[in-house]
Amino acid sequence: MNAEIEREDDEADVENAGAADAETDASAVSDDGTDALDEGEWAEARHLLYDMVSTPSVSGDEEAAAEVLKAFFEAHDREVWIDEVGNVRAPADDAVLLTSHIDTVPGDVPVKIEDGVLWGRGSVDATGPLCSMAAAAVETGVSFVGVVGEETSSRGAWHLVEDREEPDAVVNGEPSGWDGVTLGYRGFLSGTYISTSELGHSSRPEENAIQSAVAWWSRVADFFDEEREGVFDTVTTKPVRFDGGPTEDGLAVESTVDVQFRVPPRLTIDDVREVAEGELTRGGVHWNKPIPPVMMSPRTDVARAFRVAIRNVGGVKPRLLRKTGTSDMNIFAGTWDCPMATYGPGDSDLDHAPNEHLDLAEFDSAIDVLVDVCERLDDD
């Protein structure tokens, strides 16, 4: 199965003034490239994309963008509402649930269009996939949810799996390129190691809490330092914050280490947690809610529908991908037992980048693919 998958988001003369204004406006439209929004079959979707990218939607502050998205579905007479956590929900035909995230990471990327390319924060991760799915949902009548908080806690996805029934199939929105579909992600486990030792003179030979923390993490990292082909199949270990020193009362030394693990589908979250806890000689680890790894077969109905649709739209061989990060698809797959995949326009190498941008022609092609996939799965 894996052999098929690549390894790897003002007023004097009114009449004349009016003519001059119109001339200026036309020039401005031409100069800033926004005339490209009116090109092609999916012009309305392009305008939605531009409006969404122009609306800041950093995690935790997605309300304004959610209202723009909600208005798009209302304009098409779709049932739609914003739920208690901020998700935009437009239920319909559950033969397919299209879902992507509204939020973006921080970062000011000036919004502009040059040579048919839209620049701006979120254009790739994941406002481009989100808007392509909104357009496809309106076109085909399938269910849609724009979720919040994917870049932080995935609160929108966690709420969704607890609050609604399982659909027949799920397509999650993240950049894969219009001709690629993602079937696998590594899982995510994070926690905080805490250790305390009695404060003593630095000349004493006994190991203090800081030394214990360093030694513990070194043993854990060494355990997972193995030779494997490709990053996807390895456990990536990362300490992301280290604090230590005397406590306020001056009687002890305390150390804390925030750690993260990326877990491949060949292992479980419990496998990694057991190793980390087995290397403890002092202190303990407080674990956060984990996200399990996922690897879907390329032979599911969803994967087949994408392969056919990509060939139909562009006449190219589809790319089947595995990603070394984690997405909301992991959460959906951990709860719902239905076929799914992740798809969306854009180069994932531009995720969170200062030069994030999306080709509008690719955006259009992605909508064509999604429409084909939804119609195919609905027929099945």
Side-chain angles (χ1 to χ4, degrees), residues 9 45 48-49 52 57 59 62 65-66 68-70 72-73 78-104 122 124-176 181-183 185 291 294 296 300 302-303 305-306 323 325-346 366-367 369-371 373-374 377-378:
D9 300 207
L48 172 65
L49 174 63
M52 289 287 288
S57 55
S59 297
E62 302 100 332
V68 173
L69 187 58
K70 177 172 174 280
F72 176 79
F73 281 92
R78 282 283 297 265
E79 178 187 7
V80 61
W81 74 90
I82 298 176
D83 68 20
E84 54 265 47
V85 301
N87 294 332
V88 177
R89 299 172 65 163
D93 183 352
D94 257 4
V96 189
L97 170 63
L98 300 179
T99 176
S100 185
H101 61 94
I102 301 171
D103 62 312
T104 70
V124 170
D125 187 19
T127 310
L130 176 77
C131 293
S132 66
M133 288 185 164
V138 163
E139 180 72 16
T140 63
V142 303
S143 292
F144 171 90
V145 180
V147 297
V148 292
E150 191 273 348
E151 298 289 0
T152 53
S153 63
S154 286
R155 70 186 188 280
W158 285 116
H159 178 73
L160 193 64
V161 296
E162 295 166 358
D163 192 58
R164 64 156 286 158
E165 294 181 355
E166 174 184 307
D168 295 338
V170 175
V171 179
N172 181 55
E174 292 284 355
S176 59
V181 57
T182 304
L183 301 179
Y185 285 96
I291 300 175
V294 58
M296 287 283 162
T300 67
V302 173
F306 270 106
K323 296 291 186 70
T326 306
S327 78
D328 281 345
M329 181 170 125
N330 298 64
I331 296 171
F332 302 139
T335 304
W336 292 334
D337 185 22
C338 64
M340 58 186 69
T342 292
Y343 176 79
I367 301 173
V369 169
L370 285 166
V371 168
V373 166
C374 291
L377 291 173
D378 194 25

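Taking the side chain as every heavy atom from C-beta outward, Val302 and Leu377 approach each other to under 4.5 Å. Residues Leu160 and Trp336 have side chains in contact (heavy-atom distance under 4.5 Å, counting atoms from C-beta outward). By the 4.5 Å heavy-atom criterion applied to side chains, Tyr185 and Thr342 are counted as neighbours. Residues Asp378 and Thr140 form no side-chain contact, since every pair of their non-hydrogen atoms from C-beta on lies 4.5 Å or further apart. You'll find the side chain of Pro345 stays beyond 4.5 Å of the side chain of Pro175, heavy atoms only. Leu97 places none of its side-chain heavy atoms less than 4.5 Å from the side chain of Asp168. With contacts defined as side-chain heavy-atom distances shorter than 4.5 Å, the pair Val80/Phe144 does not qualify. Residues Val171 and Met340 form no side-chain contact, since every pair of their non-hydrogen atoms from C-beta on lies 4.5 Å or further apart.
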Practice prompt. Step by step, work out the side chain to side chain contact (heavy atoms under 4.5 Å, CB included) result for Leu98 and Val142.
Written response: CA-CA 7 Å; Leu98 300 179; Val142 303; 3.8 Å; yes
Fill in: Residues Val88, Val145; criterion side chain to side chain contact (heavy atoms under 4.5 Å, CB included); working and verdict
CA-CA 6 Å; Val88 177; Val145 180; over 6 Å; no
Discussion item. Could you go through Val170 and Cys338, starting from their C-alpha distance and side-chain angles, then the distance that decides it, and tell me whether this counts as side chain to side chain contact (heavy atoms under 4.5 Å, CB included)?
Written reply: CA-CA 7 Å; Val170 175; Cys338 64; 3.9 Å; yes
Worksheet item: What do the steps show when you test Glu174 against Asn172 for side chain to side chain contact (heavy atoms under 4.5 Å, CB included), and what is the final call?
Response: CA-CA 7 Å; Glu174 292 284 355; Asn172 181 55; 3.8 Å; yes
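Put simply, NZ on Lys323 and CG on Leu183 are 10.5 Å apart, with the number rounded to the nearest 0.5 Å. Taking OH of Tyr343 as the start and OG of Ser132 as the end, the distance is 7.0 Å to the nearest 0.5 Å. A distance of 9.5 Å separates CZ of Arg164 from CD of Glu166, quoted to the nearest 0.5 Å.
Not a single donor-acceptor pair under 3.5 Å links the side chain of Thr335 to the backbone N or O of Val161. Judged by distance alone, with hydrogens and angles left aside, the side-chain atoms of Ser59 form no donor-acceptor pair with the main-chain N or O of Asp103 at under 3.5 Å. In this structure, Thr152 contributes its side chain and Gly149 its backbone to a donor-acceptor pair below 3.5 Å. In this structure a side-chain-to-backbone donor-acceptor pair under 3.5 Å is missing from Ser143 to Pro91. A distance-only check finds no donor-acceptor pair linking the side chain of Arg78 to the backbone of Phe72 [under 3.5 Å]. No donor-acceptor pair closer than 3.5 Å links the side chain of Thr99 to the backbone N or O of Gly146.
Between Gly122 and Thr104, the shortest heavy-atom contact is CA-CG2, 3.8 Å. In plain terms, the two heavy atoms of Met329 and Ala341 that are nearest each other are SD-C, 3.6 Å. Across all non-hydrogen atoms, the minimal contact from Gly173 to Pro129 is C-CB, 3.8 Å. Nearest approach of Ile367 to Ala45, heavy atoms of both residues: CD1-CB, 3.7 Å. Among all heavy-atom pairs drawn from Met52 and Cys131, the shortest one is CG-SG, 3.8 Å. Closest approach of Gly86 and Ile102 over heavy atoms only: O-CD1, 4.4 Å.
The salt bridge (Lys or Arg N to Asp or Glu O under 4.0 Å) pairs that include a residue from residues 126-153 number zero, where partners must be two or more places apart or lie in different chains. Identified under the side-chain hydrogen bond (donor to acceptor under 3.5 Å, both in side chains) test for residues 80-89, with sequence neighbours left out: Asp83-Asn87, Asp83-Arg89, Arg89-Asp163.
Judged purely by distance below 3.5 Å, without hydrogens or angles, the side chains of Ser154 and Asp328 pair a donor atom with an acceptor atom. The closest side-chain donor-acceptor pair between Glu62 and His101, if any, does not fall under 3.5 angstrom.
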